[in-house]
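Below: the structure, in structure tokens.
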Amino acid sequence: MKKSRKNVLRVLMAVFTFAMVLLLANVGKMEVEAKQKKNIVVLYFSATGTTKGAAKRIQKKTGGKLIEIKAKKRYTDKDLDYGNNNSRVSREHRSAATPAKSTVRPGISNMKTIKKAVKKADVVYIGYPIWWGEAPHIVYTLVENVSLKGKTVVPFSTSISSGLGSSARHLKGNAKISAKTKWLKGRNFYDIPSQKTVDKWINKLKY
């Protein structure tokens with residue numbers, strides 16, 4: 001009888017120990033997952049829809065919050081006419097050697113929404129089309145007015161012929177960042193990328 005009780009106690013202790021090990025393992029796993037989970041915001045400026053397409057695929061992969069950078073004065077087709085020296089984008093381009101040195105800073109209508117989202121974010125993707133090898137002036141309005149201190153910043157661009165070039169580096173030079181800001185190299189897409197292409201890129205980034 002005593003042996004039976006001892007055997008039962010041993011079994012119960014073994015079951016209890018095993019249950020505790022599983023519980024602690026799950027708690028540890030949950031803590032790791034909580035640490036790894038990042039608050040992500042995907043910001044983008046898109047004049048023709050191409051950058052928007054890339055941003056939507058990034059949002060789908062990351063699960064981040066997608067926010068368009070909206071110009072207070074919308075860019076019309078006439079504004080975007082590169083062949084017209086008097087068009088809006090042409091005048092912006094001629095205002096300085098690079099957008100980084102220009103005083104032209106188009107207003108952003110949803111700046112408050114962007115600031116609120118970025119403040120809570122760990123990772124901020126910033127997307128834009130390439131104009132004359134650079135980011136549009138309105139993207140400078142963004143980085144000069146929204147604090148990116150302590151954030152991981154991932155720039156991305158879309159362009160038919162040009163790559164990312166020096167656009168991300170110039171943006172970083174004007175941005176509100178700190179020593180704790182991690183500004184990644186980023187990349188350019190030569191059209192709206194496939195979901196597979198975006199997924200592969202983000203998997204390498206691990207953000």
Side-chain angles (χ1 to χ4, degrees), residues 22-46 49-71 108-130 135-136 138-159 163-207:
L22 283 178
L23 178 62
L24 292 172
N26 285 331
V27 169
K29 184 180 179 182
M30 289 171 65
E31 288 178 348
V32 170
E33 287 177 349
K35 288 179 181 178
Q36 289 178 340
K37 187 174 178 63
K38 301 290 185 182
N39 189 325
I40 297 173
V41 174
V42 182
L43 305 176
Y44 72 93
F45 170 70
S46 186
T50 305
T51 308
K52 179 180 180 179
K56 288 177 73 174
R57 281 163 172 70
I58 291 171
Q59 186 279 330
K60 184 177 181 180
K61 171 62 177 174
T62 62
K65 187 171 185 178
L66 185 67
I67 304 177
E68 180 182 1
I69 301 166
K70 298 179 181 178
I108 297 174
S109 64
N110 58 334
M111 184 68 85
K112 286 184 179 179
T113 299
I114 291 172
K115 284 184 176 181
K116 186 177 179 180
V118 170
K119 187 176 182 180
K120 298 177 182 178
D122 302 300
V123 182
V124 182
Y125 284 81
I126 301 177
Y128 50 87
I130 294 292
I138 192 170
V139 186
Y140 282 86
T141 305
L142 174 82
V143 299
E144 290 171 0
N145 290 278
V146 176
S147 177
L148 296 167
K149 295 178 180 178
K151 312 295 181 183
T152 294
V153 181
V154 188
F156 67 95
S157 64
T158 56
S159 171
L164 191 70
S166 57
S167 64
R169 177 167 54 84
H170 287 166
L171 285 172
K172 181 182 178 182
N174 281 43
K176 292 176 70 174
I177 60 177
S178 65
K180 292 184 178 180
T181 299
K182 189 175 181 181
W183 193 289
L184 303 188
K185 183 180 179 180
R187 70 162 293 173
N188 177 74
F189 298 104
Y190 288 98
D191 202 340
I192 299 177
S194 67
Q195 190 64 54
K196 184 178 180 181
T197 297
V198 169
D199 291 353
K200 186 176 179 181
W201 173 54
I202 293 174
N203 285 337
K204 286 183 179 179
L205 291 179
K206 297 181 181 179
Y207 287 105

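Here the structure is a predicted model, which is why all the values come from computation and not from measurement.
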Can you give me the closest heavy-atom contact between [X] and [Y], atom names plus distance?
{"X": "Val42", "Y": "Ala55", "value": "CG1-O, 3.9 Å"}
{"X": "Pro193", "Y": "Val198", "value": "CG-CG2, 3.5 Å"}
{"X": "Val143", "Y": "Leu171", "value": "CG2-O, 3.9 Å"}
{"X": "Ser159", "Y": "Ile130", "value": "CB-CB, 3.7 Å"}
{"X": "Pro129", "Y": "Thr51", "value": "N-OG1, 3.4 Å"}
{"X": "Val41", "Y": "Ala117", "value": "CG2-O, 3.6 Å"}

Separation between [atom1] of [X] and [atom2] of [Y], rounded to the nearest 0.5 Å:
{"X": "Lys180", "Y": "Lys149", "atom1": "NZ", "atom2": "NZ", "value": "12.0 Å"}
{"X": "Ile114", "Y": "Lys65", "atom1": "CD1", "atom2": "NZ", "value": "10.5 Å"}
{"X": "Ile69", "Y": "Lys52", "atom1": "CD1", "atom2": "NZ", "value": "13.5 Å"}
{"X": "Thr113", "Y": "Glu68", "atom1": "OG1", "atom2": "CD", "value": "12.0 Å"}
{"X": "Ile40", "Y": "Lys151", "atom1": "CD1", "atom2": "NZ", "value": "12.5 Å"}
{"X": "Leu164", "Y": "Phe156", "atom1": "CG", "atom2": "CZ", "value": "11.0 Å"}

For this session: Can you sort out the partners of Tyr44 under ring pair (Phe, Tyr, Trp, His ring centres under 6.0 Å), two or more places apart, ordered by chain and number?
Result: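 Counting only residues at least two positions away or on another chain, Tyr44 forms no ring pair (Phe, Tyr, Trp, His ring centres under 6.0 Å).
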Taking side-chain contact (heavy atoms from CB on, under 4.5 Å) as the test, write out the residues that go with [X], two or more places apart.
{"X": "Asn145", "answer": "Met111, Thr141"}
{"X": "Ile192", "answer": "Thr50, Arg57"}
{"X": "Asn174", "answer": "Ala100, Arg105, Tyr140, Glu144"}

For this session: Any pair with a residue in residues 183-193 that passes side-chain hydrogen bond (donor to acceptor under 3.5 Å, both in side chains), sequence neighbours left out, goes on the list, sorted by first then second residue, please.
Result: Ser157-Asn188
For this session: Quick one: which residue pairs count as a side-chain hydrogen bond (donor to acceptor under 3.5 Å, both in side chains) with a foot in residues 115-129, not counting sequence neighbours?
Result: Tyr128-Ser167
What residues, two or more places apart in sequence or in another chain, satisfy side chain to side chain donor-acceptor pair (under 3.5 Å) together with [X]?
{"X": "Ser109", "answer": "none"}
{"X": "Lys56", "answer": "none"}
{"X": "Ser147", "answer": "none"}
{"X": "Thr197", "answer": "Ser194"}

Output a table of donor-acceptor pairs, distance under 3.5 Å, between side-chain atoms of residues 200-207 and any protein atom two or more places apart or on a different chain; print 'none' if there are none.
from, atom 1, to, atom 2, distance (Å)
Asn203, OD1, Lys61, NZ, 3.0
Asn203, ND2, Asp199, O, 3.1
Tyr207, OH, Lys182, NZ, 2.8

Problem set entry | Test item: Val118 and Leu43 side chains (from C-beta on) under 4.5 Å apart, heavy atoms | yes
Exercise. Do any N or O atoms from the side chain of Thr181 and from the backbone of Leu148 form a donor-acceptor pair under 3.5 angstrom?
Worked result: yes
